[in-house]
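Everything on this sheet refers to the single structure shown next.
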Amino acid sequence: MATAPPSPSMASNANVLRRIDTKNPPNPLFLLPKCTSLRELEQIHSFAIKTHLQNYLSVVTKLINFCTQNPTMTSMAYAQKLFDKITEPDVVLYNTMARGYSRSNYPRQAIALFVLVLSSGLLPDDYTFTSVIKACASSKAFQEGKQLHCVAIKLGLDDNVYICPTLISMYTECNDVDAARQIFDKTSEPCVVLYNAIITGYTRSSRPNEALSLFRELQLRNLKPTDVTMLSVLSSCALLGALDLGKWIHECVKKFGIDKYIKVSTALIDMYAKCGSLEDAISVFENMQVRDTPAWSAMIIAYATHGQGHKAIAMFEEMRKAKVQPDEITFLGLLYACSHNGLVEEGWKYFSSMSDKYKILPGIKHYGCMVDLLGRAGRLDDAFKFIDELPIKPTPILWRTLLSACSSHGNVELGKKVIKRIFRLDDSHGGDYVILSNLCARVGRWEDVDFLRKLMKDRGVVKVPGCSSIEVNNVVHEFFSGDGVHSTATSLHQALDELMIELKMAGYEPDTSLVFHAEMEEKDKEITLRYHSEKLAIAYGLLNTPPGTTIRVVKNLRVCGDCHSAAKHISMIFDRQIILRDVQRFHHFKNGKCSCGDFW
DNA sequence: TTAGGGTTAG
């Protein structure tokens, strides 16, 4: 900050200082509103010293507060220097410092200050608690957070309007949303902020149904939702992939006039894209008056995940023309677009320009895109080398990406080499064993399949069960692979049996090589495949929606190859569009074809 | 018993 070039306002400040009548000086704090840099603050500080005002608590508090407007390492160091000069700080001064630290990269310092407050015999107030609890949240200091909660109870401050939502947010950040809920339930008359805190908590904890039911409760109590409410609720809809629900929320957004917020519009783009409606996402984007970096990025990601990589790239070029600076998220969308469309050259170009031209350091996710890009394109050895030579320690996810590529390109040897690298870091992920085992099964290496199965058993590893959901008449129905739990399961199974006959007549052949168990009879393999969660959800949609309706399904894992093939046939035979969201991307099935071009 | 912090949800 001190090296910043002199700005016009700085020059004028310097002039102001020069023209001052030192015999009859003004309060230097009058100069603060003009101050725009730490250097100017230093000048004002020296002037305060000159005029013997530097030891007044009010003056120092104001100066420190100014430093902490934008708390960086430099400004917090300066604030600390000012603070250290004061022999007897009062609670306001402590609060100002604590606020600064809680918003800086050193939140734990705020917790240390709280201890100082107590040891100096001062009584912490609502300001102290909000800052320090917030610091606990951002540094995930759960034990300290709980202790602060206790002290707040002792002082009768735990139901304070500012402290209460901060406590809720702290518990959520520390992964204890149920404790947050307990606080919430104790409140007799919750205000919107409190609802927002708990709704956000559920959303962040990936519990969208609870978030949405609290949103309905908020409306029943006639409380007016705010932009913050809508951001969380939209994010919950996106998690569920529930389009009708999302559209209803969009109506609420309009009704309460919250659509003017740029962040809300961006959340709408994200929601529509994640609920499978690219058209609605585009429409929100086109109606935006002002578009910032996150808005452009959301649209780029929307195109990329819906398999329209070239449009994503075109968006990026348009963004540049509009002189909006891309950030690391923008590049994530862009690289994602390249990898999912096999655009290796473009991918490398953008990856290099990221650091060269835009001075954005690639993160682990960007490297992940590059591994994916090389892997999908079949350049498996290059991808291996790429991970091995990274400047940062690779995560299991990075190796896992390569393992998937080995699987889709049928390279068992490299797959084995890769799984060893994964196991060095994490051997508890069931999916890894299954991918390699399926790969071995496909090429008939049953001894490897058995070995992997035994390894899984010995290590007590289980695979996350496949789960697909579909929203019909505002109800989200969930199906698990081989599901017998859903109330309509039996009739659904029968319907699937009949469906299979039709599909086979149209040329569909079940790909039983994907089934894990070697000793299974061919017939049983086929039955296992038939009741995959994707097929159950699609069949449910086929049976329970009018002809011609688009079937929208959300799956928790990657779509299985056989289900992908079945969905293509279903889209043709029944003349239905099927939009399937898997953990990676969207598949739009229409007239027997998929938007991913069988490339996923 | 003035000033100074003007808090919370994102």
Side-chain angles (χ1 to χ4, degrees), chain A residues 27-30 32-33 44 48 53-69 71 79 82-83 86 88-103 110 113-114 117 122-138 145 148-149 152 157-173 177 180-181 183-184 187 190-205 211 214-215 218 223-236 253 258 261-267 270 292 294:
Chain A
N27 185 328
L29 298 180
F30 289 133
L32 271 181
I44 295 166
L53 282 166
Q54 91 273 24
N55 289 329
Y56 280 76
L57 274 180
S58 61
V59 176
V60 179
T61 307
K62 191 111 185 143
L63 284 169
I64 289 180
N65 189 40
F66 203 86
C67 289
T68 61
Q69 293 299 325
L82 287 166
F83 178 79
I86 306 298
E88 273 186 56
D90 67 357
V91 75
V92 176
L93 189 56
Y94 274 114
N95 292 347
T96 310
M97 282 300 286
R99 178 169 178 263
Y101 276 125
S102 74
R103 294 163 59 210
L113 277 170
F114 186 81
V117 171
L122 289 165
L123 206 58
D125 64 8
D126 43 352
Y127 288 84
T128 331
F129 279 103
T130 47
S131 289
V132 183
I133 296 168
K134 214 175 174 173
C136 292
S138 57
L148 277 155
H149 186 186
L157 283 169
D158 58 315
D159 58 356
N160 173 281
V161 280
Y162 297 111
I163 297 173
C164 201
T166 318
L167 277 169
I168 288 181
S169 140
M170 182 276 293
Y171 278 109
T172 306
E173 285 293 307
V177 72
R181 180 62 191 248
I183 297 177
F184 177 80
T187 330
C191 63
V192 187
V193 176
L194 214 61
Y195 265 120
N196 287 348
I198 189 74
I199 288 175
T200 305
Y202 278 125
T203 306
R204 287 217 178 161
S205 316
L214 278 168
F215 175 64
L218 177 140
L223 286 167
K224 192 174 176 283
T226 69
D227 52 332
V228 179
T229 326
M230 296 331 262
L231 289 177
S232 293
V233 174
L234 284 169
S235 166
S236 272
V253 165
I258 303 170
Y261 293 95
I262 194 162
K263 278 190 179 170
V264 174
S265 295
T266 306
D270 181 66
D292 59 1

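Below, all heavy atoms of this structure are taken into account, side chains as well, without hydrogens, waters or symmetry copies. A, B, ... follow the sequence lines: proteins, then strands. Residue 1 opens every chain. These figures come from a predicted structure and were not determined experimentally.
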Ignoring backbone atoms, test whether A/K62 places a side-chain nitrogen or oxygen under 4.0 Å from the OP1 or OP2 oxygen of B/dA3.
no
Compare the minimum distances between each of [options] and the side chain of [X], then state the nucleotide with the smallest one.
X      : options              : answer
A/Y127 : B/dT7, B/dG10, B/dA3 : B/dT7
A/T200 : B/dA9, B/dG6, B/dT7  : B/dA9
A/S58  : B/dT7, B/dT8, B/dA3  : B/dA3
A/R204 : B/dG6, B/dG10, B/dA9 : B/dG10
A/R99  : B/dG6, B/dA9, B/dT8  : B/dG6

Whole angstrom value for the distance that separates [atom2] of [N] from [atom1] of [X]:
X      : N      : atom1 : atom2 : result
A/L218 : B/dA9  : CG    : C1'   : 12 Å
A/E173 : B/dT8  : CD    : C1'   : 14 Å
A/M230 : B/dA9  : CE    : P     : 20 Å
A/N65  : B/dA3  : CG    : C1'   : 13 Å
A/L194 : B/dG10 : CG    : P     : 12 Å
A/I183 : B/dA9  : CD1   : P     : 13 Å
A/L57  : B/dA3  : CG    : C1'   : 10 Å
A/M170 : B/dA9  : CE    : P     : 12 Å

At what distance, to the nearest 0.5 angstrom, does [atom1] of [X] lie from [atom2] of [Y]?
X      : Y      : atom1 : atom2 : answer
A/I133 : A/Y162 : CD1   : OH    : 14.5 Å
A/L214 : A/R181 : CG    : CZ    : 4.5 Å
A/I168 : A/L194 : CD1   : CG    : 4.0 Å

Below 4.5 Å, heavy atoms only, C-beta onward: do A/L218 and A/T229 meet side chain to side chain?
yes
Of A/R103 and A/T128, whose nearest nucleotide on DNA chain B comes first from the 5' end?
A/T128
Counting only heavy atoms not in A/Q69, do more than 12 fall under 6.0 Å of its CD?
yes
Over all strands shown, is A/K263 touching base, sugar-phosphate only, or nothing at heavy-atom distances under 4.0 angstrom?
nothing
